[in-house]
Amino acid sequence: MKVLGIDIGGSAFKGAPVDTKTGRLLAERHRVEIESPCALATGVAAVREIVRHFDWQGPVGIGFPAIIRDGKIGAVGNLGQVWEQQNGVTLFRRATKGPVKIINDADAAGLAEMKFGVGRGRQDTVLLLTFGTGIGSALFHHGQLFPNAELGHIPWRGKPMERYASAAVRKRAHLEWREWAVRVNVYLGVVERLLSPELIIIGGGVSKKSEKWFSYLKANAKIMPAHLHNDAGIVGAALAGE
Ligand code: BGC
């Protein structure tokens, strides 16, 4: 099946048509930059632009950086509070010509990696973490997703841990890769103590640059970059849109 997958993040909306049988992108992805906090109209317009770019008429799957239940947006991390309690399906349906389904962005990336990437066939506990504007998490056991595991929001020194160890913090605080990896290790230590995953898959844009920082990481679990790198979010959103 062909589904337009859209991955919404704190700094850009990215989309591409996806073949959900193979997990392949059917065209180069299209990116629309936004700033957080992002107004509702700006977000809807960004989705509209992606739909227009591909002249897309079919189903659309959207990965959104918040708790998502039955299409409804719950607590939001970085995109802004105006999104909270909105019905994401109704909202984005204004911008598409086909049906819309919506899922948490990290859950989407996790689904893609479990189906087409390094999590394929795994029955043990697998945790996918995406490092971007925030930290997203998707937790699997026996291949089943535990939805909306917001592990970037574990409190650390009075703030969510994503404000201490996300990829955006590395840039904002001008940290060397090694310095940032020390923070990521603190984070990994906390999540490992809580969940004991056998495999931790690292996604987000920084997964493409694993040679710069993976050698500094320390964990009991096996750590691997997402096979689909930053496309995992788009592919998983498309899977959710089937
Ligand atoms: C949000 C999560 C999201 C993560 C990555 C966090 O701020 O609360 O829902 O998965 O950022 O985008």
Side-chain angles (χ1 to χ4, degrees), residues 5-15 31-38 43 46-47 61-88 91-92 101-114 126-140 145-156 158-172 180 183-184 187-188 190-191 195 197 200-208 225-226 228-237 239-240:
I6 299 181
D7 181 20
I8 298 182
S11 60
F13 286 39
K14 294 153 276 177
R31 182 183 169 100
V32 180
E33 306 283 334
I34 53 110
E35 273 177 25
S36 280
C38 171
V47 168
I62 295 181
F64 191 91
I67 293 172
I68 304 292
R69 271 210 197 105
D70 298 327
K72 204 167 164 203
I73 301 171
V76 180
N78 293 294
L79 219 54
Q81 284 197 343
V82 287
W83 294 89
E84 278 179 30
Q85 306 312 321
Q86 297 286 334
N87 187 308
L91 196 65
F92 290 120
K101 288 190 188 151
I102 179 166
I103 181 177
N104 171 266
D105 60 341
D107 285 353
L111 289 177
E113 280 298 314
M114 293 303 282
V126 178
L127 178 63
L128 172 127
L129 297 171
T130 62
F131 289 85
T133 309
I135 298 178
S137 55
L139 182 62
F140 293 85
L145 171 69
F146 181 104
N148 293 311
E150 289 273 327
L151 302 179
H153 288 265
I154 296 171
W156 179 253
K159 287 186 189 154
M161 280 201 99
E162 65 176 13
R163 295 218 209 138
Y164 171 73
S166 76
V169 170
R170 183 186 70 81
K171 284 200 180 149
R172 243 192 337 262
W180 177 58
R183 293 190 181 203
V184 175
Y187 179 65
L188 294 179
V190 172
V191 291
L195 297 165
I200 298 177
I201 306 173
I202 309 271
V206 285
S207 65
K208 275 186 287 193
L228 301 166
H229 295 304
N230 213 13
D231 287 341
I234 293 175
V235 174
L239 289 177

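Just follow the structure's listing: the first ligand is 1, and inside any ligand the first atom is 1. All of these numbers come straight from a predicted model, not from anything done at the bench. Throughout, numbering of the chain's residues begins at 1 and tracks the sequence.
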Numbered atoms and elements of ligand 1 in range of [X], under 4.0 angstrom, heavy atoms:
| X | result |
| --- | --- |
| Glu162 | 6 (C), 7 (O), 11 (O) |
| Gly136 | 4 (C), 5 (C), 10 (O) |
| Asn78 | 7 (O) |
| Asn104 | 2 (C), 9 (O), 10 (O) |

Look only at the side chain of [X] and the backbone of [Y], and say whether a donor-acceptor pair between them is shorter than 3.5 Å.
| X | Y | value |
| --- | --- | --- |
| Asp7 | Asp231 | no |
| Asn148 | Ile68 | yes |
| Trp83 | Cys38 | yes |
| Asn104 | Ala66 | yes |
| Glu162 | Thr133 | no |

Nearest-contact summary for atom 8 (O) of ligand 1 - protein heavy atom, Å: Glu150 OE1, 2.6 Å
Residue selection (non-hydrogen contact nearest atom 10 (O) of ligand 1) among Asn148, Asp105, Thr133, Leu151: Asp105
Thr130 N/O to ligand 1 N/O under 3.5 Å: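 In this structure, Thr130 places no N or O atom under 3.5 Å from an N or O of ligand 1.
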N/O separation below 3.5 Å, His153 to ligand 1: yes
Beyond-backbone contact of Ile8 with Asp105, side-chain heavy atoms, under 4.5 angstrom: no
For ligand 1, the portion of Ala66 having any non-hydrogen atom under 4.0 Å away: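 The answer is the backbone of Ala66.
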Parallel, tilted or perpendicular: rings of Tyr187 and Phe131 (30°, 60°):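 Because their plane-to-plane angle is over 60°, the rings of Phe131 and Tyr187 count as perpendicular.
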